[in-house]
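Inspection log for the structure reproduced underneath, given as structure tokens.
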2 protein chains.
Amino acid sequence: MTQYSPAQVAEKTGFSIDTLRYYERIGLLHHVTRTTGGRRIFTDDDLGWLGLVRCLRDTGMPIADMLRFAELCRAGDDTVPARLELLEQHDAAVQEKIAHLRAQQRRIRDKIQWYRNTEGCQVDRSAPADRSDSAEAVSR
Amino acid sequence: MTQYSPAQVAEKTGFSIDTLRYYERIGLLHHVTRTTGGRRIFTDDDLGWLGLVRCLRDTGMPIADMLRFAELCRAGDDTVPARLELLEQHDAAVQEKIAHLRAQQRRIRDKIQWYRNTEGCQVDRSAPADRSDSAEAVSR
DNA sequence: GCTTGACCTGGAGTACACTCCAGGTGCGAT
DNA sequence: ATCGCACCTGGAGTGTACTCCAGGTCAAGC
């Protein structure tokens, strides 16, 4: 079974060594084995778990929830339904987040388009009877 | 021109009154007019600007960048190209964020699927010659 | 044996974006 | 006139997730 030093794990997971230590301290990383001298040795299992942690973290799951998930995992097989529920809820949250992001992105693109138009006609002050269309407002 | 009290603006924008005051303090909200008694009066322009702020904030733009954008807006029409660039960069960042989110969501769904399978066959220990397929790892 | 660089610990510090508080004021309604 | 609520200010406090530090240890290479 392959073993990894903290530096290697940092490299592979993108978490800093300090973050790895922090995760261990708060219990997000459990019983990491050590050398006789006290140095951490990570296994492929740890890498796998950290992969999931990264995934959940990057999708906005708060650490408290990841901790809860970790505890469920440690608590044995009969927590599988609870774990599933947690993940499914999170999946739904991610789905919503993506939708919201896309909606807001549309607004940003509208704004960009609006700027492109302004730029093109260099604020045509001679336009007759300016109806002060739709909106500036948004750019003060 | 319609006017709004702090409470009304909070209601319409979803920002708390404290947040509105905070935004004014740091310069994200500029020269909000006041009554003779010192109370804030918001205009439709302010609402429009706050709409953009919400949009940028919700898509993850740090306050420092929004401040920069606000300053460009105040600096006059010749900053339009700079504003455009800022928005375009942000749009690209949002695009990337969405893509990343979708990729991670796929992994979460795989994990969910993996759990559903485990659940279904209740860890079939009698399976012949388990090749220890792909991965647990990820659930410790 | 000694150097050197990666690693260790406990605890303090940081960045970001608010959020809360105490003590005081403005103003519409009774 | 006075009540009461929304609002004001400056400043301190909060939550989240790290990140940094001092002072010490381990172990591979010369």
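The sequence lines fix the lettering, A, B, ..., with proteins before strands; numbering per chain opens at 1. Note that the coordinates shown come from a computational prediction; the quantities given were computed from them, not determined experimentally.
- Between the CD1 atom of A:Ile17 and the P atom of D:dC18 there is a distance of 15 Å, rounded to whole Å.
- Within the 4.5 Å cutoff, side-chain heavy atoms of B:Tyr4 are placed close to those of B:Leu47.
- The shortest distance between side-chain heavy atoms of B:Cys55 and A:Ile108 falls below 4.5 Å.
- Reading DNA chain C from its 5' end, the first and the last nucleotide to sit under 4.0 Å from a heavy atom of chain B are C:dA17 to C:dC27.
- Counting non-hydrogen atoms under 4.0 angstrom, A:Phe15 reaches nothing in the nucleic acid.
- In this entry the distance linking CD of B:Gln8 with P of D:dC5 reads 18 Å, nearest Å.
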In B/S/- notation (B base, S sugar-phosphate only, - none; protein heavy atoms under 4.0 Å), nucleotides 23-30 of chain D written 5' to 3' is --BBS---
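- To the nearest 0.5 Å, the span separating CG on B:Leu87 from OH on A:Tyr115 amounts to 6.5 Å.
- In this structure, B:Arg40 reaches the D:dC8 phosphate: one of its side-chain N or O atoms is under 4.0 Å from OP1 or OP2.
- Between the CZ atom of A:Arg83 and the CD1 atom of B:Ile112 there is a distance of 13.5 Å, given to the nearest 0.5 Å.
- Contact annotation: A:Arg21 does not reach the phosphate of D:dT19 (side-chain N/O to OP1 or OP2, under 4.0 Å).
- The distance from atom CG of A:Leu56 to atom P of D:dA17 is 13 Å, rounded to the nearest whole Å.
- Side-chain N/O atoms of B:Ser5 include one lying less than 4.0 angstrom from OP1 or OP2 on D:dC7.
- Contact check on B:Arg102 versus B:Glu96 returns no salt bridge, with no Lys/Arg side-chain nitrogen under 4.0 Å from an Asp/Glu carboxylate oxygen.
- A:Thr35 and A:Arg39 share no side-chain donor-acceptor pair at under 3.5 Å.
- How far CG of B:Leu29 is from OH of B:Tyr23: 9.5 Å, rounded to the nearest 0.5 Å.
- Below 30°, between 30° and 60°, or above 60°: for B:Trp49 and B:Phe69 the angle between ring planes is below 30°, a parallel geometry.
- Computed from coordinates, the B:Ile41 CD1 to D:dC8 P distance equals 10 Å when rounded to whole Å.
- For the pair A:Gln8 (side chain) and A:Ser5 (backbone), a donor-acceptor distance under 3.5 Å is present.
- Contacts of B:Arg25 with the nucleic acid, taken as non-hydrogen atoms under 4.0 Å apart, include base atoms.
- D:dC18 atom P lies 8 Å from atom CD1 of A:Ile26, rounded to whole Å.
- B:Tyr22 has its OH atom 18 Å from the P atom of D:dG13, to the nearest Å.
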